[in-house]
Amino acid sequence: MIIDVISAFFILLGALFFLAGTLGLLRFPDVYTRLHALTKSDNVGLGLIIIGLMLQVDSWLVAAKLLFIWFLVLLAGAGVAHLIASTAQKRGLKPWKK
Amino acid sequence: MNTLYLAVALFLLLTLIAGMWRILHGPTPADRMLAAQLFGTTAVACLLLLSQALEQPALRDIALVFALLAAVTAIAFVKRAWLKKSDES
Amino acid sequence: MDFITNFFLRVLAFSLLWIVLVNGALDSWVIGIPMVIMATFISIKLLPSTPISFIGLVKFIPFFLWHSLLGGFDVAKRVFYAEVKISPTMFLYRWRLPEGLSRVFMAKVVSLFPGTLAVDLGGEYLQIHALDDSVDLRLELMSIEKKVADMFKIDISAVER
Amino acid sequence: MEEISILLLFDVLVGLTLVWLAWQTLSSLDLFRAIVLFIAFGLLMALAWVRLNAPDVALAEATIGAGLTGALFLSALAQLSASTKRKDEENKIENS
């Protein structure tokens, strides 16, 4: 029972981070700032949801697979963020200034 | 518990649809690509929740493929499709 | 680490990964064994072994998890304000790490940490896009760099800034 | 009971968004925009296959439909715009 509450907490918090990521994508002014919002909040959101789900699964194999999925998304997210940022700069996109 | 999983999956679908605004309105190609990236990550979370709620372990494998593919399309985009500045203006 | 130990460690890691991927199905080893061996050779070809300190790695993981969580919170906090609270700036940081895997690793880590995004890591400087120009990033980056260096068994204390 | 209604809502949303995305993809004048919409369509289509109890088709849709075809389209677009250097076309890609 108590595990259910904890895992529900993690999943709901994760969903909140996904909302933050989407809002950041819609509200932030340029590519670089949107990259910030996307990579950070999405990875945290997915991580929290995966922790919440890992508390519920019955075999360690499934838990390990969930962790592996998170690891892949983390790797891909960070790598792609850096690639897009560096290409944006090479193509001459100026960062937004206040 | 299952109701919670499904409700959160529905919520994620809604944020995903909201993120589509960025694909439609750009303004730069990178912004559209980023939105597609977000689409991938959100769909991974959505699939994992569905897999738990509907007790279909196969969905985890699909989530795995989604996680890998997001990187493939983004790299194809950065390496090939992003037009050089000199071509654009 | 000599070649044999390195080879067997990788075989072990990929076998474990295979077990996880197929949910422990025994009959899948018909495909699994050739795949594991192929993956091992390809990974040795693509990523030659680098010395990694086990203690450094164990210390790094909680540090990384905590700070990426803070990174998420930081962005979420800025997003939910009625008026988006950011004042972005570009920041140059002179590398102390030598060229190679450790630099790439640090760039990826920095991109997930609060308020920083690695833009360019070629040459002498790491270029960072920061969300907030009021904080001093230099000290923060130095401490991250120290942890990465410890993990990769690199001594950077002698490098002058 | 409420689980079924949430799932129903989910399905209806996926279905409507799919049709809308397909229409947007086909009617887009900007080729790059169309490709990204196509990738998004593929991913959502995979979700739809999942809900139709066909995870194997979903797997194929995600890899071939969204991933591989998307990457090939992007590559083809790069070739296309390298060979046709018409100025107005490229302005359209940049500005729209």
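Proteins come first, then strands; the chains are lettered A, B, ... in the order of their sequence lines, and each starts at number 1. Just the heavy atoms: all of them, side chains too, but no hydrogens, waters or symmetry mates, feed the values below.
For a residue to count as touching a neighbouring chain, one of its non-hydrogen atoms must lie under 4.5 Å from one of that chain's; by this rule B/Ala35 touches chain A with backbone and side chain alike. Looking at B/Tyr5, only its side chain comes within 4.5 Å of chain A, counting heavy atoms on both sides. In this structure, the portions of B/Leu34 lying under 4.5 Å from any heavy atom of chain A include both its backbone and its side chain. Heavy-atom distances place no part of A/Tyr32 under 4.5 Å from chain B, backbone and side chain included. Neither the backbone nor the side chain of B/Leu14 comes within contact range of chain A, judged by heavy atoms closer than 4.5 Å. For A/Leu75, no part lies under 4.5 angstrom from a heavy atom of chain B. For A/Leu35, the parts lying under 4.5 angstrom from a heavy atom of chain B are both the backbone and the side chain. Both the backbone and the side chain of A/Leu53 come within contact range of chain B, each with at least one heavy atom under 4.5 Å from a heavy atom of that chain. Interface remark: B/Leu4 contributes side-chain atoms only to the contact with chain A (heavy atom separation under 4.5 Å).
Of all non-hydrogen atoms in B/Phe11 and A/Ala15, the two that sit nearest each other are CE2-O, 3.4 Å. Nearest heavy atoms, A/Val31 versus B/Ala30: CG1-CB, 4.0 Å. Taking each heavy atom of B/Met1 and A/Asp4 in turn, the nearest pair found is CE-O, 3.5 Å. In plain terms, the two heavy atoms of A/Ala76 and B/Ala71 that are nearest each other are CB-CB, 3.8 Å. Taking each heavy atom of A/Leu25 and B/Arg22 in turn, the nearest pair found is O-NE, 2.9 Å.
The contact list for residues 36-44 of chain B toward chain A, using heavy atoms and a distance under 4.5 Å, reads B/Gln37, B/Leu38, B/Thr41, B/Thr42, B/Val44 by residue number.
Most heavy-atom pairs under 4.5 Å with chain A, from the set B/Thr15, B/Ile75, B/Leu16: that is B/Thr15. Residue with the most contacts toward chain B among A/Val62, A/Thr39, A/Leu38, A/Leu46: A/Leu38 (heavy-atom pairs, distance under 4.5 Å).
B/Leu48 is not listed as a side-chain neighbour of A/Ile49, based on a closest heavy-atom distance of 4.5 Å or more. A/Ile11 has its side chain out of reach of B/Gln52: every pair of non-hydrogen atoms, C-beta onward, lies at least 4.5 Å apart.
In terms of the side chain to side chain contact (heavy atoms under 4.5 Å, CB included) criterion, residue partners of B/Thr73 (sequence neighbours excluded) are, by chain and number, B/Met33, D/Ile39.
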